[in-house]
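To start, the structure itself, in structure tokens.
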Amino acid sequence: PPPRAHVPPRRGRAAGHPPGEARATGAGVEVPSDAQYHLMVEKVHEYAVFLMDRDGVITHWGEGAERIKEFTPEEVVGRHLRMLYPEGGSEDGTADEHLRQAAETGEYIGEGTRIGRDRGAFPARVVLTALRGADGELIGFSKVTQDLTERRRIEERLREALREAQAANLEKGRFLATMSHEIRTPINAVLGYADLLELGVPGPLNAGQRGYLERIRVSGRHLLAIIVDVLDFARVEAGRMLVEPRRGRMAEVVESAIDAIIMFDESQHVTLFNAAAERVFGFSAKQAVGREIGDFFPPEYRADFIDRVCA
């Protein structure tokens with residue numbers, strides 16, 4: 001079962017500086033007046049806001065603190081901040097450590113487990129701020145606690161959805177790999193028999209039969225290429241794709257690209273015009289090579305292109 005709040009023996013109300021007695025500022029923090037206190041502390045519902053004296057003893061307890069932590073003001077006022085931590089402290093430290101850090105640096109901000117009266121342990125984000133008088137003397141602390149329970153539930157649901165998606169993706173990769181292997185085997189058989197027919201093993205073929213045979217071979221090779229691509233896709237997703245660097249001719253890669261690629265020299269004259277560029281611009285490579293690159297752009301864009309690309 002979740003740990004419950006450890007409530008130490010009740011102490012008397014600390015003689016600190018309750019709201020209204022001072023409006024001293026220190027490190028940019030103003031001790032609120034009574035009216036400000038009722039608005040800032042008692043009427044905040046989404047966060048647990050409360051005040052403590054310089055020893056960490058709770059002096060004021062707002063409505064948000066009562067809603068989130070479930071203790072009434074009568075149960076907590078006069079008790080130490082330690083009662084709102086698990087016994088032995090939280091994963092982010094103890095109440096005394098946080099009070100000491102806030103006193104030394106001005107504030108403590110962190111996330112960890114805190115305790116509610118009935119709900120037990122819950123995740124929270126806290127901001128503990130030291131309050132100082134005009135002379136710089138420590139007069140108390142304010143604390144704002146945000147309940148992270150719902151956020152953690154959402155995060156866990158997202159993690160679970162991610163795990164399910166990854167598992168489904170893994171199964172998809174396995175299916176693609178299996179399917180590709182199963183289909184590739186009969187395709188290879190079809191192509192093999194087509195080769196035997198072309199060699200005339202079962203007998204000579206006439207011109208019409210050879211035409212049909214060539215269609216079979218072209219379609220079979222096309223389907224086999226698709227299967228190989230699917231297998232490569234499955235290997236990439238599974239992290240088993242092997243890539244080997246090797247020397248090759250850049251011109252061959254550029255020529256086979258599906259995007260239009262134009263290469264030009266320092267004098268802005270075209271040196272390479274691939275097949276895709278021929279389709280896009282309507283010029284053959286023979287017509288394009290040697291012309292200025294600006295000739296392939298409308299006059300109103302030519303100067304801007306040259307300035308940006310050729311500078």
Side-chain angles (χ1 to χ4, degrees), residues 3-44 47-117 120-122 124-147:
R4 295 295 176 180
H6 173 64
V7 182
R10 184 178 179 88
R11 294 171 52 185
R13 189 181 186 90
H17 291 258
E21 290 189 6
R23 291 178 126 188
T25 60
V29 178
E30 181 178 4
V31 180
S33 66
D34 285 335
Q36 290 173 321
Y37 167 74
H38 286 295
L39 291 174
M40 182 185 73
V41 179
E42 291 190 345
K43 300 303 179 183
V44 175
Y47 298 89
V49 182
F50 56 98
L51 302 177
M52 292 161 281
D53 67 9
R54 60 184 299 167
D55 296 320
V57 175
I58 299 169
T59 58
H60 297 284
W61 190 253
E63 291 181 10
E66 184 172 354
R67 184 184 67 83
I68 292 174
K69 295 180 179 288
E70 303 166 320
F71 292 100
T72 65
E74 291 75 21
E75 293 173 312
V76 296
V77 171
R79 292 184 168 88
H80 195 275
L81 178 63
R82 284 189 294 268
M83 71 173 291
L84 303 177
Y85 282 66
E87 275 198 72
S90 175
E91 60 269 28
D92 63 327
T94 66
D96 294 301
E97 290 171 347
H98 296 164
L99 289 168
R100 183 165 56 252
Q101 180 176 336
E104 293 173 354
T105 65
E107 68 179 3
Y108 166 77
I109 301 176
E111 294 185 7
T113 302
R114 298 298 183 267
I115 296 296
R117 184 186 62 188
F122 68 94
R125 186 175 193 275
V126 300
V127 179
L128 178 64
T129 304
L131 304 176
R132 297 186 180 277
D135 58 358
E137 181 184 358
L138 179 66
I139 60 175
F141 299 90
S142 68
K143 188 168 187 181
V144 179
T145 301
Q146 179 186 9
D147 184 1

Measuring from atom [atom1] of [X] to atom [atom2] of [Y], what distance do you get when rounded to the nearest 0.5 angstrom?
X	Y	atom1	atom2	answer
Asp96	Arg82	CG	CZ	4.5 Å
Glu66	Arg117	CD	CZ	8.0 Å
Tyr47	Arg67	OH	CZ	10.5 Å
Thr113	Glu91	OG1	CD	3.5 Å

Can you name the closest pair of heavy atoms from [X] and [Y] and give their distance?
X	Y	answer
Ser142	Leu51	CB-CD2, 3.5 Å
His98	Tyr85	ND1-OH, 2.8 Å
Glu70	Glu75	O-OE1, 4.1 Å
Lys143	Leu128	CB-CD1, 3.9 Å
Ile68	Thr145	CD1-O, 4.1 Å
Leu131	Leu138	O-CD1, 3.5 Å

List for me each residue that meets side-chain contact (heavy atoms from CB on, under 4.5 Å) alongside Ile109, sequence neighbours excluded, and say none if there are none.
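Counting only residues at least two positions away or on another chain, Ile109 forms a side-chain contact (heavy atoms from CB on, under 4.5 Å) with Glu107, Arg125, Val127.
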Could I get the full list of ring pair (Phe, Tyr, Trp, His ring centres under 6.0 Å) partners for Phe122, not counting sequence neighbours?
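Counting only residues at least two positions away or on another chain, Phe122 forms no ring pair (Phe, Tyr, Trp, His ring centres under 6.0 Å).
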If we ignore hydrogens and angles and just use 3.5 Å, is the side chain of Asp55 paired with the main-chain N or O of Val57 as donor and acceptor?
no
Main-chain N/O of Ala103 paired to Arg132 side chain as donor or acceptor, under 3.5 Å
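Yes.
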Between Ser90 and Asp92, is a side chain to side chain donor-acceptor pair (under 3.5 Å) present by the stated rule, with each step listed?
CA-CA 5 Å; Ser90 175; Asp92 63 327; 2.9 Å; yes
Quick one, Phe71 and Arg79 - any side-chain contact, counting heavy atoms below 4.5 Å?
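Counting from C-beta outward, Phe71 and Arg79 never come under 4.5 Å.
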